Amino acid sequence: MTNVIISNIGEYEGQEVTLRGWVYNKRSSGKIQFILIRDGTGIIQGVVFKGDVTPETFALADSLTQESSIVATGKVREDKRAPGGYELSIGDLQLVHRALDYPIAPKEHGVDFLMSHRHLWLRSSQQHAILRVRAEIINACRDYLDERGFTLIDAPILTPAACEGTTTLFETDYFGDKAYLSQSGQLYMEAAAMAFGRVYCFGPTFRAEKSKTRRHLMEFWMIEPEMAFADLDEDMRVQEEFVSYVVQRVLSKRQQELEMLQRDTTRLKKVEPPFPRISYDEAIAILRKNGVEIEWGGDFGAPDETILAEQFEKPVFVHRYPTQSKAFYMKPDPERPEVALCADLLAPEGYGEIIGGGQRMDDLEMLEKKIVEHNLPKEAYEWYLDLRRYGSVPHAGFGMGIERTVAWICGLDHVRETIPFARMLYRIYP
Ligand code: NSS
């Protein structure tokens with residue numbers, strides 16, 4: 001018998017096939033058993049008629065429990081009313097394993113309970129849809145960059161120095177020395193850009209964020225392109241094309257999943273270049289006009305970002321933040337050194353910052369001074385300084401957080417469901 005998967009079942013209409021999967025749900029009406037079977041690629045209704053099968057098979061169907069694993073053989077029938085458009089008329093059924101008391105019954109559970117059962121929660125249709133969108137986003141990011149001359153260069157996870165400030169470092173012992181889990185692959189991408197021109201890395205990054213928010217994880221995935229001979233303008237141009245490509249690709253290839261998530265895609269459809277650009281100063285003015293009391297100099301909080309993003313239909317760039325509030329590697333604007341040549345991209349509909357990036361400091365002496373000002377150990381950055389000693393060029397890049405992007409595109413109000421196993425403040429189980 002042909003083993004088939006549910007997503008391809010339409011090709012076997014009228015034929016006898018075998019499906020291997022799990023019981024998603026079940027109901028019966030005396031002589032008929034309806035078994036919803038899922039196999040990871042989709043869900044199909046299997047129907048067992050008492051008159052069509054042996055008494056043993058019917059008894060087995062009757063006794064099946066939620067999430068038991070089964071092998072079902074039967075004829076594929078088109079049925080316009082069935083979800084997916086097809087049904088399986090089951091003739092033979094085998095039990096692989098009987099699940100007992102599956103804890104996630106088809107009813108409402110609290111988020112804490114579900115997070116504690118994340119290893120099982122992944123089987124639900126909603127989580128399935130989110131993680132398929134996530135996979136599509138990652139593929140789209142890679143395709144965009146691969147097709148445009150960026151070389152994938154993997155950054156290390158264990159690092160000797162901080163990239164994004166010393167307060168959120170996860171420290172570990174490295175044979176008697178201190179090592180830190182990477183906060184960002186950026187510094188290594190700068191080295192790679194001087195070797196390859198245009199590069200990117202994609203991997204997990206770690207930050208010991210002591211605040212509990214809807215947007216912060218301790219372990220998150222970031223895609224980080226870096227470009228030699230590029231300035232802030234070029235950086236924003238690449239970002240708006242990149243983000244638009246990713247959104248449009250998900251809209252065209254993951255329509256079913258977005259429907260399952262009941263995502264209203266009206267706003268997503270409008271995500272096309274160019275994106276509006278406002279300076280930090282303009283952002284401050286907008287916030288003040290909206291009644292926010294804010295001093296020039298600080299970073300924006302999530303509510304501020306929401307107000308800013310609400311002024312625009314599309315994602316918006318906020319560029320030229322105060323140099324004092326930003327990372328040591330950012331290049332000050334030569335025309336106005338109190339602001340840096342950096343930009344954050346804020347997603348619409350209240351999702352906030354999804355990208356941080358900008359032009360890097362390419363001058364050796366200024367960078368050395370910054371490292372001292374930021375109280376960073378210079379020895380650990382000697383290799384990074386070398387990039388300014390041997391053929392330094394203007395260069396720029398950015399980092400897009402995958403989880404925040406998934407939350408935005410799927411329309412989720414918390415990042416915890418955007419990653420298979422979230423690492424959050426006070427949660428590292430399962
Ligand atoms: O700190 S960032 O703004 N920028 C960097 O790390 C640069 N070194 C990237 C670069 O230029 N190569 O973080 C970038 C993005 C940010 O916009 C978020 O989308 C995401 O990374 N991010 C996070 N996502 C989830 N949880 C946490 N804690 C988090 N921190 C940043």
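Small disclaimer: the values here were computed from a predicted structure and weren't measured. Note that ligands are numbered from 1 as they come in the structure, with each ligand's atoms numbered from 1 the same way. Atoms considered below: every heavy atom in the structure, side chains included; atoms not considered: hydrogens, waters and symmetry mates.
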Tyr321 six-ring face occupied by Lys326 cation (under 6.0 Å, within 45°): yes

Arg388 charged N/C atom sitting above Tyr384 aromatic ring, 6.0 Å / 45°: yes

Proximal candidate to atom 13 (O) of ligand 1 [heavy atom criterion; set Glu164, Arg207, Glu226, Glu403]: Arg207

Test of ring centre spacing under 6.0 Å for Phe150 and Phe196: no

Tyr188 ring center within less than 6.0 Å of Trp383 ring center: yes

Heavy-atom donor-acceptor pair, Asn290 side chain to Ile286 backbone, under 3.5 Å: yes

Cation over ring face, Arg148 and Tyr144, 6.0 Å, 45°: yes

Shortest heavy-atom approach to atom 14 (C) of ligand 1 - which of Met222, Met330, Met400: Met222

Ligand 1 atoms in contact with Gly401 (distance to a heavy atom under 4.0 Å): 15 (C), 19 (O), 20 (C), 21 (O)

Shortest protein contact, atom 15 (C) of ligand 1 (heavy atom only): Gly399 O, 3.6 Å

Flag if over 12 foreign heavy atoms under 6.0 Å of CD, Gln262: no

Interfacing atoms of ligand 1 (cut-off 4.0 Å, heavy-atom, Glu224): 8 (N), 9 (C), 10 (C), 12 (N)

contact_flag Ile355 ligand 1 heavy-atom lt 4.0 Å: yes

Residue selection (non-hydrogen contact nearest atom 20 (C) of ligand 1) among Phe398, Phe220, Tyr351: Phe220

Taking atom 19 (O) of ligand 1 as the reference point, the nearest protein heavy atom with its distance: Ile354 O, 2.9 Å

Sub-4.0 Å heavy-atom approach of Met218 to ligand 1: no

Heavy-atom nearest neighbour in the protein, as seen from atom 18 (C) of ligand 1, with distance rounded to 0.1 Å: Arg404 NH1, 3.5 Å

Heavy-atom donor-acceptor pair, Gln45 side chain to Leu36 backbone, under 3.5 Å: no

Distance flag, aromatic centroids of Phe242 and Phe398, threshold under 6.0 Å: yes

Minimum-distance protein heavy atom relative to atom 26 (N) of ligand 1: Leu217 N, 2.9 Å

Numbered atoms and elements of ligand 1 in range of Arg215, under 4.0 angstrom, heavy atoms: 25 (C), 26 (N)

Atoms in ligand 1 flagged as close to Arg360, the criterion being non-hydrogen separation under 4.0 Å: 10 (C), 11 (O), 12 (N)

Sub-4.0 Å atoms of ligand 1 with respect to non-hydrogen atoms of Tyr329: 7 (C), 8 (N)

Met424 touching ligand 1 at heavy-atom level, < 4.0 angstrom: no

Atom 17 (O) of ligand 1 [closest protein heavy-atom partner, distance rounded to 0.1 Å]: Glu353 OE2, 2.5 Å

Cation-pi, Phe34 ring and Arg27 (6.0 angstrom, 45 degrees): yes

Phe229 atom CZ: more than 12 heavy-atom contacts under 6.0 Å: no

Any Glu209 heavy atom less than 4.0 Å to ligand 1: yes

